[in-house]
Amino acid sequence: MRLSGYFMPTMKETPAEAEIVSHRLMLRAGMIRQASAGIYSWLPLGFRVLKKIEQIVREEQDRAGAQEVLMPTIQSADLWKESGRYDAYGPEMLRIQDRHGRDMLYGPTNEELITEIFRSAVRSYRDLPRMLYHIQWKFRDEVRPRFGVMRGREFLMKDNYSFDLDYAGAKRSYNKMFVAYLRTFARMGLQAIPMEAETGPIGGDLSHEFIILADTGESEVFCHRDFVEFDVLGAGIDYQSDLEPVVEAWTKLYARTDDKHDPAAFENQVPEDKRVHRRGIEVGHIFYFGTKYSDPLKALVATPEGEAVAVHMGSYGIGVSRLVGAVIEASHDEAGIVWPEPVAPFRVGLINLKTADAACTKACEETYAKLRDAGVEVLYDDRDERPGAKFNDMDLIGLPWQLVIGPRGLAKGVVELKRRRDAEREELSLDSALARLTG
RNA sequence: CGGAGCGUGGCGCAGUCUGGUAGCGCACUUGGCUGGGGGCCAAGGGGUCGCAGGUUCGAAUCCUGCCGCUCCGACCA
């Protein structure tokens with residue numbers, strides 16, 4: 001992509017409305033624009049990141065054996081009256097009426113709808129287990145939206161629902177999602193720690209929140225330091241195998257958010273030098289809630305004995321749009337965003353230091369073509385701007401690699417390759433730089 | 001929903017107390033000089049001062065109501 005024609009309105013100054021760093025940087029980098037409180041438009045750069053994150057979530061859901069569907073944003077209130085949550089949910093739910101005066105709502109979550117879909121099609125234990133998920137916009141009319149996309153009213157969420165015959169089956173599904181979540185966040189360069197959690201209005205009795213550590217996080221967390229070094233991607237995962245040992249390994253150490261925190265237990269179970277007390281951001285939440293919805297909504301299946309029983313369900317959410325902000329909270333510096341490669345909007349930023357210089361521009365154009373031909377996602381700054389403006393913009397948007405080509409270096413036969421993460425710069429020939437970026 | 005604050009050009013702000021018809025920096029346009037970390041000179045364009053009503057000869061400024069947004073708290077993916 002050529003920056004000269006790319007819609008990326010960066011800002012030197014920070015809009016007054018943004019308080020936390022991810023919000024500020026997303027606005028300054030031209031990733032989002034606020035439409036109204038807690039509701040955002042995604043501009044090209046931000047949208048690319050959102051799509052990258054969404055795709056990683058999708059791949060790991062599929063790998064764990066879940067199947068993607070797409071349910072609507074607007075739901076009929078009838079189902080919610082049936083489950084009893086139409087009255088229970090409160091003003092967070094955006095209630096609307098269609099032209100016939102029928103009660104509708106903009107879905108804050110989808111347990112009712114998925115259960116309705118399931119019950120209409122499944123009758124026998126032979127059709128179990130199933131895991132169905134979708135990635136869809138939700139709306140929760142928060143009292144106070146804040147933190148940009150981290151706590152918006154409208155947000156993109158992956159929610160998965162599992163259906164099993166009994167608790168043992170449901171626990172197997174729960175374990176699959178537990179492991180899938182660890183993999184999902186690890187692939188984005190995030191160390192997510194599963195913590196015992198309150199189940200909230202969704203309900204249920206087995207639940208973990210996945211928290212990433214970040215100084216600007218919204219909640220206080222307490223955990224064992226060993227969590228920070230756990231590696232989940234190293235070992236291949238067979239989702240057909242018994243995952244209980246993996247889940248146990250990840251849950252036996254102390255890890256709780258402040259509302260579940262027990263100082264005495266913390267001090268008992270965790271040696272002083274292993275105690276971590278930091279702030280964190282919730283990026284995922286998994287629940288087992290048994291027959292809470294299948295009972296009232298009569299999602300029944302026949303057992304091998306021919307008895308009709310309510311299915312055991314779980315739900316598993318990941319805040320996809322929240323993750324964009326969360327990654328930035330976990331990965332930035334004074335100059336701007338520092339994208340982990342898997343979620344970066346582009347892998348390489350190519351900087352033409354002097355577009356007026358024919359030789360320099362020729363080298364840049366050729367390099368741009370070669371990188372694209374090699375399948376590298378590259379953003380080429382071909383604007384007629386001062387070098388300083390280009391450097392600052394490139395640091396701000398945080399692409400992992402910057403390839404800097406200028407007349408001065410070309411005269412010596414070198415270009416500069418800069419790694420955004422640690423600002424390490426290296427002068428090398430254009431060919432070796434290309435080899436590095438395409439290899 | 002309690003508490004606090006803010007709405008003045010695309011962004012950041014001054015002007016409001018003490019009423020006299022709107023200003024600064026950045027950005028933008030044109031020309032020139034420039035060119036390795038947000039340059040310089042010159043000339044320009046752009047604002048119903050959130051909305052509505054009121055007071056006044058005269059309102060960004062005073063009064064009333066409304067709307068929007070932000071921050072702290074309680075609450076949540």
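So you know, we letter chains A, B, ... as the sequences are listed, proteins then strands, and number each from 1.
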Participant: Go through it in stages, so that I can follow the logic: the residues are A/H208 and A/Y174, the test is side chain to side chain donor-acceptor pair (under 3.5 Å), and I'd like the CA-CA distance, side-chain angles, deciding distance and then a yes or no.
Facilitator: CA-CA 10 Å; A/H208 284 93; A/Y174 187 91; 2.7 Å; yes

Participant: Take atom P in B/C17 and the same atom in B/U70, then report the distance between them in whole Å.
Facilitator: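 These two P atoms come out 28 Å apart once rounded.
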
Participant: Provide the distance between the two P atoms, one in B/C1 and one in B/C66, to the nearest whole Å.
Facilitator: 13 Å

Participant: Within 45 degrees of the axis of the six-membered ring of A/Y239 and under 6.0 Å from its centre: does A/K176 put its NZ or CZ there?
Facilitator: no

Participant: Using the C1' atom on both, measure B/U16 against B/U8 and round to a whole Å.
Facilitator: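 Taking atom C1' in both B/U16 and B/U8, they lie 11 Å apart.
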
Participant: Give the residues of residues 379-392 of chain A touching RNA chain B, defined as any heavy atom closer than 4.0 Å, sorted by residue number.
Facilitator: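 When residues 379-392 of chain A is checked for heavy atoms under 4.0 Å from RNA chain B, the hits, listed by number, are A/D384, A/E385, A/R386, A/P387, A/G388, A/A389, A/F391, A/N392.
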
Participant: For the pair made of CG in A/D333 and P in B/G37, what is the distance, rounded to whole Å?
Facilitator: 18 Å

Participant: Please name the nucleotide paired to B/C28 by Watson-Crick or G-U wobble geometry with both distances under 3.5 Å, or report none.
Facilitator: B/G44

Participant: Could you tell me how far B/A42 sits from B/U61 if I compare only their C1' atoms? Round to whole Å.
Facilitator: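 That atom pair is separated by 36 Å.
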
Participant: Quantified in whole Å, what is the C1' atom distance between nucleotide B/A22 and nucleotide B/U64?
Facilitator: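 Per the computed distance, 25 Å lies between those C1' atoms.
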
Participant: Heavy atoms, side chains only, cut-off 4.5 Å: are A/M71 and A/I117 in contact?
Facilitator: yes

Participant: Are A/D393 and A/T10 close enough that a side-chain donor and a side-chain acceptor fall under 3.5 Å?
Facilitator: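 Yes, side-chain donor-acceptor contact under 3.5 Å.
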
Participant: Which is more 5' along RNA chain B, the nucleotide nearest A/G319 or the one nearest A/R408? Just name the residue.
Facilitator: A/R408

Participant: Using the P atom as the reference point in each nucleotide, state the distance between B/A60 and B/U34 in Å, no decimals.
Facilitator: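 So the two P atoms sit 47 Å from each other.
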
Participant: Take the protein atom CZ of A/R420 and the nucleotide atom P of B/G37, then report the distance between them rounded to whole Å.
Facilitator: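 These atoms are roughly 17 Å apart.
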
Participant: For B/C62, which nucleotide in any strand shown is its Watson-Crick or wobble partner with both distances under 3.5 Å?
Facilitator: B/G54

Participant: Using a heavy-atom cut-off of 4.0 Å across all strands, would you classify A/D395 as base, sugar-phosphate, or nothing?
Facilitator: base

Participant: With a 3.5 Å cut-off and no angle check, do the side chains of A/S162 and A/Y316 form a donor-acceptor pair?
Facilitator: yes

Participant: In whole Å, I'd like the distance from the NZ atom of A/K354 to the C1' atom of B/G37.
Facilitator: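 Distance check: A/K354 NZ to B/G37 C1' gives 16 Å.
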
Participant: Base, sugar-phosphate or nothing for A/D393? Non-hydrogen atoms, less than 4.0 Å.
Facilitator: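 Touches a base.
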
Participant: Can you confirm whether or not the ring centre of A/F222 sits under 6.0 Å from the ring centre of A/H261?
Facilitator: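 Under 6.0 Å, so yes.
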
Participant: At a heavy-atom distance below 4.0 Å, what parts of residues 46-81 of chain A sit against RNA chain B?
Facilitator: none

Participant: Could you verify whether a donor N or O on one side chain and an acceptor N or O on the other, from A/D62 and A/Q67, lie under 3.5 Å apart?
Facilitator: no

Participant: Quick one: does A/R187's side chain get under 4.5 Å of A/E59's, heavy atoms only?
Facilitator: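 Yes; the side chains approach each other to less than 4.5 Å.
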
Participant: Can you tell me the pairing partner of B/A14 across any strand shown, Watson-Crick or G-U wobble, with both distances under 3.5 angstrom?
Facilitator: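 Pair assignment: B/A14 / none.
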
Participant: How close or far is atom P of B/C13 from atom CE of A/M11, stated in whole angstroms?
Facilitator: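 After rounding, the gap between these two atoms is 13 Å.
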
Participant: Across all strands, who's sitting opposite B/C33 as a Watson-Crick or G-U wobble pair, both distances under 3.5 Å?
Facilitator: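 In the structure as shown, B/C33 has B/G39 as its Watson-Crick or wobble partner.
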
Participant: Does the ring of A/Y293 carry A/R119 above it, NZ/CZ under 6.0 angstrom from centre and within 45° of its axis?
Facilitator: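 Not flagged: A/R119 not positioned over aromatic ring of A/Y293.
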
Participant: Strictly by modelled atom types, are A/T291 and A/S294 linked by a side-chain donor-acceptor pair under 3.5 Å?
Facilitator: no

Participant: Pick the C1' atom in B/G19 and in B/U55, then give their distance to the nearest Å.
Facilitator: 12 Å

Participant: Can you tell me how far P of B/G38 sits from CD1 of A/I351, to the nearest Å?
Facilitator: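 Between P of B/G38 and CD1 of A/I351: 13 Å.
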
Participant: Answer with base, sugar-phosphate or nothing: what part of the nucleic acid does A/K418 contact at a heavy-atom distance below 4.0 Å?
Facilitator: base

Participant: Answer with base, sugar-phosphate or nothing: what part of the nucleic acid does A/R425 contact at a heavy-atom distance below 4.0 Å?
Facilitator: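 Base, at least one base atom sits under 4.0 Å.
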
Participant: Could you check whether A/N352 and A/T361, counting side-chain N and O atoms only, form a donor-acceptor pair closer than 3.5 Å?
Facilitator: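 Looking only at side-chain atoms, A/N352 and A/T361 do form a donor-acceptor pair, the distance falling under 3.5 Å.
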
Participant: Can you see which heavy atom on A/L350 is nearest to which on A/C364, and at what distance?
Facilitator: CD2-O, 3.5 Å

Participant: Looking across every strand, which nucleic acid part, if any, lies under 4.0 Å from A/G409 by heavy atom: base, sugar-phosphate, or nothing?
Facilitator: base

Participant: In whole angstrom, what separates A/I281's CD1 from B/C76's C1'?
Facilitator: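 My rounded result for the distance is 15 Å.
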
Participant: Using the P atom on both, measure B/A14 against B/C76 and round to a whole Å.
Facilitator: 37 Å

Participant: Classify the nucleic acid contact of A/G317 as base, sugar-phosphate or nothing, counting any heavy atom under 4.0 Å across all strands shown.
Facilitator: nothing

Participant: Between C1' on B/C76 and CE on A/M93, what's the gap in Å once rounded to a whole number?
Facilitator: 15 Å

Participant: Roughly how many Å is it from CD in A/E220 to P in B/C75, rounded to a whole number?
Facilitator: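 In whole Å, B/C75 P and A/E220 CD are 14 Å from each other.
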
Participant: Would you say the ring centers of A/F210 and A/H285 fall short of 6.0 Å from each other?
Facilitator: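 No, the ring of A/F210 stays outside the 6.0 Å limit from the ring of A/H285, centre to centre.
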
Participant: Give the B/S/- string for nucleotides 68-74 of chain B, one per nucleotide from 5' to 3', where a protein heavy atom under 4.0 Å of the base yields B, of only the sugar-phosphate yields S, and otherwise -.
Facilitator: -SSBBBB

Participant: Write down the partner of B/C69 under the Watson-Crick or G-U wobble criteria, each distance required to be under 3.5 Å.
Facilitator: B/G5

Participant: Around atom NZ of A/K362, are there more than 12 heavy atoms from other residues, nucleotides or ligands closer than 6.0 Å?
Facilitator: no

